Amino acid sequence: MDRKPVTLPAIVGKKNSRSKITALTAYDFCLARILDDTDIDIILVGDSLAMVSLGFPNTLPVTMDAMIAHTQAVSRGVQNSLIVGDMPFMSYQISNEQAIANAGRFLQEGGAVAVKLEGGVRISEKVRAIVQAGIPVMGHIGLTPQSVHQFGGYKVQGKNLLQARQIKQDARELEKAGAFAVVLEGIPSDLAGDITDCLKIPTIGIGAGPHCDGQILVLHDLLGLNQDFTPKFVKRYANLNVEIKQAVGNYIEEVRSGAFPDAEHSYGNEKQSLKKVDNSNGNH
Ligand code: KIV
């Protein structure tokens, strides 16, 4: 596909032109390269990596070094989509200096164009500091997975008036602090629509209904690779875990029966030169 690199102003401009922003996660070179061949606007190297690829029960254990290594792998496969690196738990909470230094690594070492941080009012100072250092920031509010223990599980947020007000306030503060976009996760559709209407920056929803300026999903969920994970907000566009098992089953059968490898998948030799080798061996 012939397309130009997606820029940050182009993402922000989509809100005004009312064209939806599309975003997906990727954690490795191969899938990032496939995504980049589509028309996807944003590739997020999400800290969901911890659960999806590394098998942890939540996102908390993934480290800065792991996030940087995976962002580098994604960058090697991407020419056009805009890459956002997800700042992992405890990589930005301690001080403005820590937040700026770690955010900088995503751009300098990872090849990302922007970083994403979880939290609203309580981290707005960090967002301001990172943006002032010249690093674009995407916010992330609502059901923020790094706060899973505070929430007591992965529960939809903003269902009551008090919570809804707080999330709206979080969104406003992130905009004021200079975020270029904000992810709204796990909140009621009406609240997401209300926030989308009151912000100048785009909102990108996940489990936040249809009124956001864009949508993001975890690629493995969309492809049906994650066989046990079927929350209401995920739509499976493929069921690759079944296809993979079928393909591997066929492979096992063919290896056992001797049908693979056949002549088509085996190397021939240069008969002439082998004969020469035989002859010369015989002469000795
Ligand atoms: O880590 C992640 O994958 C995310 C999103 C899906 C928003 O934060």
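Remember, it's 1-based here, ligands and their atoms both numbered in the order they're listed. Owing to the predicted nature of the structure, the values given are computational and were not obtained by experimental measurement.
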A.B. asks: At a non-hydrogen distance cut-off of under 4.0 Å, which region of L49 contacts ligand 1 (side chain, backbone, both, or neither)?
C.D. replies: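 L49 to ligand 1: no contact under 4.0 Å from either part.
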A.B. asks: Determine yes or no for a side-chain-to-main-chain donor-acceptor pair under 3.5 angstrom, with D213 supplying the side chain and T203 the backbone.
C.D. replies: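 Side chain of D213 to backbone of T203: a pair is present.
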A.B. asks: Should you measure from each heavy atom of H140, which atoms of ligand 1 turn up under 4.0 Å away?
C.D. replies: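 Matching atoms, with element in brackets: 7 (C), 8 (O).
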A.B. asks: Do N226 and D228 pair up side chain to side chain, a donor and an acceptor below 3.5 Å, judged on atom types alone?
C.D. replies: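 Judged by distance alone, the side chains do not pair up.
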A.B. asks: Pull out every atom of ligand 1 sitting under 4.0 Å from any heavy atom of G46, numbered as shown with elements.
C.D. replies: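 Matching atoms, with element in brackets: 1 (O), 2 (C), 3 (O).
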A.B. asks: Show the nearest heavy-atom pair for residues K15 and K200, with the distance to one decimal.
C.D. replies: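 Answer, listing the atom of K15 first, then K200: CD-O, 3.3 Å.
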A.B. asks: Check for a donor-acceptor pair, side chain of T144 on one end and backbone N or O of Q146 on the other, with a separation under 3.5 Å.
C.D. replies: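 Here the side-chain-to-backbone pair does not exist.
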A.B. asks: So, are E173 and K176 salt-bridged, with charged N and O less than 4.0 Å apart?
C.D. replies: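 K176 and E173: salt-bridged.
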A.B. asks: For ligand 1, which part of T25 has a heavy atom less than 4.0 Å away: the side chain, the backbone, both, or neither?
C.D. replies: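 Side chain only.
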A.B. asks: What is the nearest protein non-hydrogen atom to atom 8 (O) of ligand 1, stated with its residue, atom name and distance?
C.D. replies: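 Among all protein heavy atoms, the one nearest atom 8 (O) of ligand 1 is K116 NZ, 3.0 Å.
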A.B. asks: Could you check atom 6 (C) of ligand 1 against the protein and tell me its nearest heavy-atom contact, residue, atom and distance included?
C.D. replies: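 Going atom by atom, the protein heavy atom closest to atom 6 (C) of ligand 1 ends up being I206 CD1, 3.6 Å.
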A.B. asks: Quick one: does D262's side chain have a donor or acceptor within less than 3.5 Å of a partner on H265's backbone?
C.D. replies: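 Yes, D262 side chain to H265 backbone: donor-acceptor pair under 3.5 Å.
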A.B. asks: Suppose we measure from atom 4 (C) of ligand 1 to each protein heavy atom; which comes out shortest, and what is that distance?
C.D. replies: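 Ranking protein heavy atoms by distance from atom 4 (C) of ligand 1, first comes L44 CD2, 3.6 Å.
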A.B. asks: Ion pair present between R3 and D39, side-chain N to carboxylate O less than 4.0 angstrom?
C.D. replies: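 Answer for the salt bridge query: yes.
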A.B. asks: If you measure every N/O of S48 against every N/O of ligand 1, is any gap under 3.5 Å?
C.D. replies: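 Right, the criterion is met.
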A.B. asks: Under a 4.0 Å heavy-atom limit, does D86 contact ligand 1 with its side chain, its backbone, both, or neither?
C.D. replies: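 Side chain only; the backbone of D86 stays clear of ligand 1.
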